[in-house]
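Everything on this sheet refers to the single structure shown next.
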Amino acid sequence: MARKIRLSDIAAQAGVSTATVSRVLNGKDSVAPETRQAVIAALDLLGYERPEKLRERNGGQIGIIVPELTNPIFPLFTQYIASSMTLQGFTPLLGTQMAGGATEDSYVEAMIEQQVSGFVFISGLHADSTASIGRYERIAERNIPYVTINGAHPSLPNPDFSTDDVSAVRQAIRHLIALGHRKIGLASGPLRFIPSREKTETYLDVMRHMLPQEKPRLVHTLYTVAGGQSAAAQLIAAGCTAIICGSDLMALGAVRHCRAVGLSVPHDVSIVGFDDSPISGYADPPLTTLRQPVKTMAESAVSTLLAMIGGTSSDVGKMKFEPELIVRESTAIRR
């Protein structure tokens with residue numbers, strides 16, 4: 001027997017009135033989608049069974065394909081995307097890649113067999129400038145809509161929703177220059193990835209104009225803790241007092257290297273991450289980082305995809321979302 005729902009408990013958890021909770025539970029349309037979602041989340045968190053009116057309608061299935069889940073930013077994107085889909089009555093199917101495991105192509109074929117209505121690709125092969133775009137053209141030939149996140153491929157016509165890497169690097173460099181740093185290095189991913197290339201090109205351009213007396217110091221490695229460690233070793237050996245990293249995981253690796261060689265972060269070396277993933281505020285020290293607007297990007301991608309599934313042609317094109325510099329304790333004035 002389902003436990004009786006106490007409206008006051010749900011209202012307190014969701015931060016709304018009991019009247020609003022009542023409207024949501026009774027399936028009224030006069031509630032904003034975000035408020036409705038907050039009430040549903042409160043129900044789940046407090047262990048209540050959802051009333052029949054709030055159970056998902058089966059509008060179809062949508063494939064979500066992510067490169068991996070070890071980087072906290074990818075589960076965060078997945079969470080917001082899946083939540084937005086279920087609110088509209090669609091069921092998400094998740095495909096997670098890993099070395100030696102299923103590929104993006106194999107997930108696509110399996111999901112097509114499941115008759116998915118569309119796809120969301122997060123940092124997939126669309127972001128790799130050396131990968132064939134034929135796989136995406138074949139999806140389009142089957143009249144299956146898809147959108148991509150982070151990695152707008154210039155030869156693909158689909159809607160893309162990406163963080164503005166140009167703005168991110170500019171903000172990071174200006175922040176470090178304001179702190180007195182001049183020998184600023186960049187640790188980013190392989191150049192074949194579109195976001196890495198954009199970060200690199202921006203870094204070179206900004207350094208050339210703002211610090212023309214300084215030579216560029218770059219390392220291209222993996223978006224991992226180990227990659228960050230390796231990059232930091234090379235950049236610090238090259239004289240860097242500040243390092244901009246292509247992910248928060250890389251930044252954690254850079255911090256680890258500094259500690260291993262007896263350097264203090266931020267007093268000896270300032271480090272900037274990228275993503276503002278859930279771990280960044282709890283790192284030691286808490287990371288200064290560029291926050292991706294994950295929720296806004298995810299919701300925009302899903303709303304566009306659902307409109308396409310519904311038969312509306314999309315003219316969204318390639319959208320760029322402004323990142324926010326979050327200043328914490330891993331950067332400081334150059335001593």
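Quick note: numbers below take in every heavy atom, side chains included, and nothing from hydrogens, waters or symmetry partners.
- For the side chain to side chain contact (heavy atoms under 4.5 Å, CB included) with Leu287, the qualifying choice from Ile279, Leu252, Val265, Asp275 is Leu252, the only one to do so.
- The side-chain heavy atoms of Ser106 and Thr103, taken from C-beta on, include a pair separated by under 4.5 Å.
- Note on Val206: it clusters hydrophobically with Leu176, by side-chain heavy-atom contacts below 4.5 Å among ILVMFWY residues.
- With hydrogens and angles ignored, the 3.5 Å screen pairs a side-chain donor or acceptor of Ser303 with a backbone N or O of Ser300.
- Counting only heavy atoms from C-beta outward, the side chains of Val255 and Pro285 approach each other to under 4.5 Å.
- Taking a cutoff of 4.0 Å between a charged side-chain nitrogen and a carboxylate oxygen, Asp164 and Lys320 do not qualify as a salt bridge.
- Counting only distance, with no hydrogens or angles, the side chain of His153 and the backbone of Ser155 share a donor-acceptor pair below 3.5 Å.
- A heavy-atom distance below 4.5 Å is not found between the side chains of Val108 and Tyr146.
- If you check the side chains of Ser270 and Thr331, you find no donor sitting under 3.5 Å from an acceptor.
- The distance from the CD atom of Glu137 to the CZ atom of Arg142 is 13.5 Å, given to the nearest 0.5 Å.
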Quiz prompt | side-chain contact (heavy atoms from CB on, under 4.5 Å) between Ile62 and Thr91, worked out | solution = CA-CA 6 Å; Ile62 296 176; Thr91 301; over 6 Å; no

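- When only modelled atom types and interatomic distance are considered, Arg328 and Ser280 share a side-chain donor-acceptor pair under 3.5 Å.
- A perpendicular orientation is assigned to the rings of His126 and Tyr136, their planes being inclined by more than 60° (bins at 30° and 60°).
- Judged by distance alone, the side chain of Glu68 and the main-chain N or O of Asn71 form a donor-acceptor pair under 3.5 Å.
- At a threshold of 4.5 Å between non-hydrogen side-chain atoms, the residues Cys258 and Ile271 count as touching.
- Taken from CG in Asp9 to CZ in Arg6, the straight-line distance is 4.5 Å, to the nearest 0.5 Å.
- A search for side chain to side chain contact (heavy atoms under 4.5 Å, CB included) contacts involving Ser196 returns Ser188, Phe193, Tyr223, not counting sequence neighbours.
- Note that CG of Leu179 is 8.5 Å distant from OG1 of Thr288, once rounded to the nearest 0.5 Å.
- Annotation: side chain to side chain contact (heavy atoms under 4.5 Å, CB included) contacts of Ser123 (sequence neighbours excluded): Pro67, Phe74, Asn150.
- How far OG of Ser247 is from CD1 of Ile73: 10.0 Å, rounded to the nearest 0.5 Å.
- Atom CD1 of Ile333 sits in a sparse spot, with 12 or fewer heavy atoms from other residues, nucleotides or ligands closer than 6.0 Å.
- The distance from the NZ atom of Lys295 to the CE atom of Met297 is 14.0 Å, given to the nearest 0.5 Å.
- The side-chain tip of Lys199 points at the ring of Phe274 from less than 6.0 angstrom away and within 45° of straight on.
- Shortest non-hydrogen contact noted between Ala251 and Gly273 is CB-CA, 3.8 Å.
- A donor-acceptor pair is defined here as one N or O able to donate and one able to accept, closer than 3.5 Å; such a pair exists between the side chain of His220 and the backbone of Gly189.
- Ile184 and Met210 end up in the same hydrophobic cluster when Ile, Leu, Val, Met, Phe, Trp and Tyr side chains are linked at under 4.5 Å.
- Within the 3.5 Å criterion, the main-chain N or O of Leu125 finds a donor-acceptor partner in the side chain of Glu104.
- In terms of heavy-atom proximity, Gln114 sits nearest to Gln61 at O-NE2, 3.1 Å.
- Scored by the side chain to side chain contact (heavy atoms under 4.5 Å, CB included) test, Ser17 finds Ala19, Thr20 as partners (sequence neighbours excluded).
- When every heavy atom of Ala38 is checked against every heavy atom of Ala14, the shortest pair comes out as O-CB, 3.7 Å.
- Met111 and Ile64 fall into different hydrophobic clusters, defined by Ile, Leu, Val, Met, Phe, Trp and Tyr side-chain heavy atoms under 4.5 Å apart, directly or through other members.
- Between Glu201 and Arg208 there is no salt bridge, since no side-chain N of the basic residue sits under 4.0 Å from a carboxylate O of the acidic one.
- The shortest non-hydrogen separation linking Pro72 to Pro278 is CB-CD, 3.9 Å.
- The shortest distance between side-chain heavy atoms of Ile194 and Pro154 falls below 4.5 Å.
- Listed by chain and number, the residues in a salt bridge (charged side-chain N to carboxylate O under 4.0 Å, His left out) with Arg174 amount to none (sequence neighbours excluded).
- Not counting sequence neighbours, the partners of Gln171 by the side chain to side chain contact (heavy atoms under 4.5 Å, CB included) test are Ser167, Leu290, Glu322, Pro323, Leu325.
- A salt bridge between Asp248 and Arg291 is absent, with no side-chain N of the basic residue lying under 4.0 Å from a carboxylate O of the acidic one.
- Side chains of Gln292 and Thr163: a donor on one and an acceptor on the other come within 3.5 Å.
- Side-chain contact between Ile65 and Ile122 is absent, with no heavy-atom pair separated by less than 4.5 Å.
- Ion pair Asp284/Arg256 not flagged as a salt bridge, since none of the NZ, NE, NH1 or NH2 atoms sits closer than 4.0 Å to an Asp/Glu carboxylate oxygen.
- Residues Thr221 and Met250 are in side-chain contact: their nearest non-hydrogen atoms beyond the backbone lie under 4.5 Å apart.
- In terms of hydrophobic clustering, with Ile, Leu, Val, Met, Phe, Trp and Tyr side chains grouped at heavy-atom distances under 4.5 Å, Ile133 and Phe121 are assigned to a common cluster.
- Judged by distance alone, the side chains of Thr148 and Asn158 do bring a donor and an acceptor atom under 3.5 Å apart.
- Judged by distance alone, the side chain of Arg182 and the main-chain N or O of Ile177 form a donor-acceptor pair under 3.5 Å.
- The backbone N or O of Arg217 sits less than 3.5 Å from a side-chain atom of Tyr203, completing a donor-acceptor pair.
- Looking at Ser129 and Arg197, their side chains come closer than 4.5 Å, going by heavy atoms from C-beta outward.
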Exercise. Output, in order, the C-alpha distance, side-chain angles, deciding distance and verdict of side-chain contact (heavy atoms from CB on, under 4.5 Å) for Val294 and Asp276.
Key: CA-CA 10 Å; Val294 175; Asp276 195 32; over 6 Å; no

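- Side-chain atoms of Thr130 and Asp128 include a donor-acceptor pair closer than 3.5 Å.
- Residues forming a ring pair (Phe, Tyr, Trp, His ring centres under 6.0 Å) with Phe77 (at least two apart in sequence, or on another chain): none.
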Practice problem: Tell me, with the steps shown, if Leu186 and Val219 meet side-chain contact (heavy atoms from CB on, under 4.5 Å). | Solution: CA-CA 6 Å; Leu186 175 69; Val219 174; over 6 Å; no

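- The shortest non-hydrogen separation linking Pro159 to Met308 is CG-SD, 3.8 Å.
- Between Asp268 and Arg335 there is a salt bridge, since a side-chain N of the basic residue sits under 4.0 Å from a carboxylate O of the acidic one.
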Practice problem: Might you work through the side-chain contact (heavy atoms from CB on, under 4.5 Å) test for Met207 and Asp205, ending with a clear yes or no? | Solution: CA-CA 6 Å; Met207 291 292 287; Asp205 181 62; over 6 Å; no

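- With rounding to the nearest 0.5 Å, the separation of CG in Asp160 from OG1 in Thr304 is 11.0 Å.
- Note on Ile326: it does not cluster hydrophobically with Leu76, by side-chain heavy-atom contacts below 4.5 Å among ILVMFWY residues.
- Remark: the backbone N or O of Tyr80 is paired with a side-chain donor or acceptor of Ser84 at under 3.5 angstrom.
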